[in-house]
Amino acid sequence: MTESRGPQAEKAPQAEKAPQAENAPSPGNAPEAEKAPPADEHARVEAQARKPVARPGPLARLGEARHLGLLAALALLVVVGLVTRPENFATASNLVSILSLAATIGVITVGMTFVIIGGGIDLSVGSIMALASVWATTLATQSYGPFVMIVCAVLVGAGAGLVNGLLISYGRMVPFIATLAMFVAARGLAERMSDRKTQLVQQDNQMIVELSTTRVLGLPLLVFVFALVVAAGWVLLNRTTFGRRTYAVGGNPEAARLAGIDVRRHTVLLYALSGLCCGIAAVLIMARTTTGSSTHGQLYELDAIAAVIIGGTLLAGGRGTIMGSILGLLIFTLITNLFILNGLNTSDQLIAKGLIIVVAVLLQRRGLESRT
Amino acid sequence: MSADAPLLLMRGIVKQFPGVRALDGVDLEVRRGEVHCLLGQNGAGKSTLIKILSGAHQPDEGAIVFDGDEVRLASPTAAIRQGISTIYQELDLVDGLSVAENIFLGHERARFGFVRSAEANRATRELLARLGHPEIRPSVEVGRLSPAAKQVVSMARALSHDTRLIIMDEPSAALAHDEVANLFRIVRELTAEGVAVVYISHRLEEIREIGDRVTVLKDGRAAAVGLPAKSTPTSEIVSLMTGRNVEYVFPPRRPRRESGPEVLRVEGLTVPGVFADVSFTVGAGEIVGLAGLVGSGRSEIIEAVYGARRASGAVILEGRPVRRGGTATTVRLGMGLAPEERKAQALLLDQSVAHNITLAGLGGYSRLGWIDRRGEGARARDLIETLDIRPGDPDRPIRTLSGGNQQKAVLARWLVGTRRLLLLDEPTRGVDVGARAELYAVIRKLADEGIGVLLVSSEVPEVLGLADRVLVVREGRIIHRADARDLDEGRVLDMIMEGSAL
């Protein structure tokens, strides 16, 4: 009953091709289908498996429409700005202030997008940025000049992120807890180093401040830094093995491990990358405020996570885009800007942001359900 | 309603999953106070049937009559409300809660929302005493109990509802011998009170001892309904379980010959408590099959070889010992695994077919981490065509493919780059018959190209039909080795169920 049947084996796959192609056995094929019931069965099942096939066309478009939805929301906010504050909103200075505001959190958001797509969360970004800004503006560091300050900020950020990653990967801590610990401890260390004083960027190191004062094409340099980080993040996520593996590690860590991916090492790298972005953000905030301070970056983690989620990245990991996150962030920044321009209460602004998170996630859930 | 009418009647139950018809018109009749055994090989449809009965799945067609009324079991809660309780194979208790809290989970003894612990504890003591286990304290945390005690708690939970039918899915799997005796005593007491039990087990001896009648499932159909459990000959039961309406189509083997150079040598591989002292070899171009029951250690052996599970002993690939460095090392050295749970362990369901295929071999299509997308896409399209994955669109999300085509994509993953050894764990699970034939052909073709294949399957005919050599595994040991052509299904079944087959 189990011996091989050579000729049949050859025939079966071919026999079913005919019904498969037309989705129904034509009269001419009927006798052959009878001879090989397995093939017929296969064709039937295949035909069924095929039915949902027609759908992904519009559904894939729906997936892209998620970005369209974000763009529409952004456009709506622009219209609101033009209507309510025609004289202030569409000015160059307002555009610059929106983009400068977005740049700092934006850089952090890029790192956060990687961490969340990889199935994690990083609560410590704001604190790490504060620590990096303080470390880079100590008198000792400043004495070596602006370049060392920049390198210092980036290294401190990446180092703190590395500690997060090691705790999570090899210490087997839950990301929420490990980064919560860093969230508290990094700010404490920043306070300790600065003695809770705001540290000014010295005259000799004005090059840092020039990142925000020098303009190219009407935009401050730090906006270009932001754009560069976004572009690099996009390339890393979409064009490299690192990015592909990030999706795999977040979408199905077990499958990733069994496919030979070193999931632990990859996780360490993800958090280090997030920390690195915090270091870059620290440079930007030093440029914008001309200070390093342990009070920098408070609640940045929430803004960054909210931007990523609004942008359509799944908090469970495995799915998401850099562009979505950036659009989400711009929506948030634009709301802040509109509220300020219209002289409205900041409390209302928070309520509006909360509502936007809820609405965005509800809409995405509907999109997801229609897929499955 | 007369007393001798059956308690439960299931008629023409059909359940279709994407790509597979799990149940194809199954009937089941359970009387009051009887132990009704459900037998069948893996994939015969047992678990689907009990999931329908417990309200976890909805049937596509068919009727369920319980206690004279046609019922719709829309959810597990609805089933429990009807008086149908299920004790699952993996006990579904909350480790952090106490025994009493577990038993009354979801129907807490409470007034105005406040839990009345004293009353719950008293009721728990009564239930446990009725089950012959007064020594289990209601306030102790479930996580600290032994597996046998946990089972008693599960049973107490079933009884805490007004239960008239209890489904037990392999209740003895986690139990030692004397604990099984206690389980049977409880079952007898329950049936004496008129409660019916649907009992699922692989162990024939248990079915002889405790069962009244047997329903045998095979390929999603009932092969026999209501056989007497004590008097039906084993040979008849085995042939009902194994005889097939549809014969599998296996590709021709190459003639008997010396196998090629040795690809894999495993020596004294041991994972304490799971399997011990496992040694074997796989030659180039050879398919070696591991036959054994679920829980015999066969999947764990494969995982240990692959470096996905810590083990002592030696794994030697092409003459070089494999340093224990996890899967990243073994994949780099040329191993590949198609794991047992395709969706949970192999696929990135949100990703495209192409990305799933190239996941493990990305290194070959990238330079300094930069992916050569043209090369990658071309290779994916190439493999989709070679393995005839349908529909042949590399950018389609893999979740929309049928089980057979998903499995082909998993195989394709290991054809990117050079492979020396493929480990296949249940490669045709959830795959329909026609696609199986294609998978068999693909696997044989890979072997003919010189790859060594180590195959695990619950389905004995599959192992016998596809493998060149067969290793029979029971309770963590290899108990028999033979050329596949020198074995037949009955003999292998006897060996893997030995001690249970009469």
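So that the names make sense, note that chain A is the first sequence line, chain B the second, and so on, each numbered from 1.
- The shortest distance between side-chain heavy atoms of B/Pro391 and B/Arg396 falls below 4.5 Å.
- Neither the backbone nor the side chain of B/Thr330 comes within contact range of chain A; no heavy atoms are under 4.5 Å apart.
- Contacts of B/Ala308 with chain A are made by both backbone and side-chain atoms, with heavy-atom separations under 4.5 Å.
- Counting heavy-atom pairs under 4.5 Å between each of A/Ala259, A/Gly251, A/Pro253 and chain B puts A/Ala259 at the top.
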Evaluate A/Arg264 against A/Arg172 for side-chain contact (heavy atoms from CB on, under 4.5 Å), listing each step before the verdict. CA-CA 10 Å; A/Arg264 287 190 185 184; A/Arg172 306 203 174 182; 2.3 Å; yes
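- A/Arg245 touches chain B through its side chain: at least one heavy atom from C-beta onward sits under 4.5 Å away, while N, CA, C and O do not.
- For B/Gln345, the parts lying near chain A are the backbone and the side chain together; criterion is any non-hydrogen pair under 4.5 Å.
- Ion pairing between a basic and an acidic side chain is recognised when a charged N comes within 4.0 Å of a carboxylate O; B/Asp350 and B/Arg399 show such pairing.
- Interface residue A/Val235: only side-chain heavy atoms are found under 4.5 Å from chain B.
- Between A/Tyr170 and A/Val268, some side-chain heavy-atom pair lies under the 4.5 Å cut-off.
- Contacts of B/Ala344 with chain A are made by backbone atoms alone, with heavy-atom separations under 4.5 Å and no side-chain atom involved.
- A centroid separation of 6.0 Å or more is found between the aromatic rings of A/Tyr247 and B/His355.
- When B/Glu303, B/Arg413, B/Glu376 are compared by the number of non-hydrogen pairs under 4.5 Å with chain A, B/Glu376 comes out ahead.
- In this structure, chain A has no heavy atom under 4.5 Å from any part of B/Leu368.
- The aromatic rings of B/Tyr306 and B/Trp414 sit perpendicular to each other, their planes meeting at more than 60°, with 30° as the lower class boundary.
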Which is it for B/Glu462 and B/Thr428 under the side-chain hydrogen bond (donor to acceptor under 3.5 Å, both in side chains) test, yes or no, and what are the steps along the way? CA-CA 9 Å; B/Glu462 184 167 294; B/Thr428 60; 2.5 Å; yes
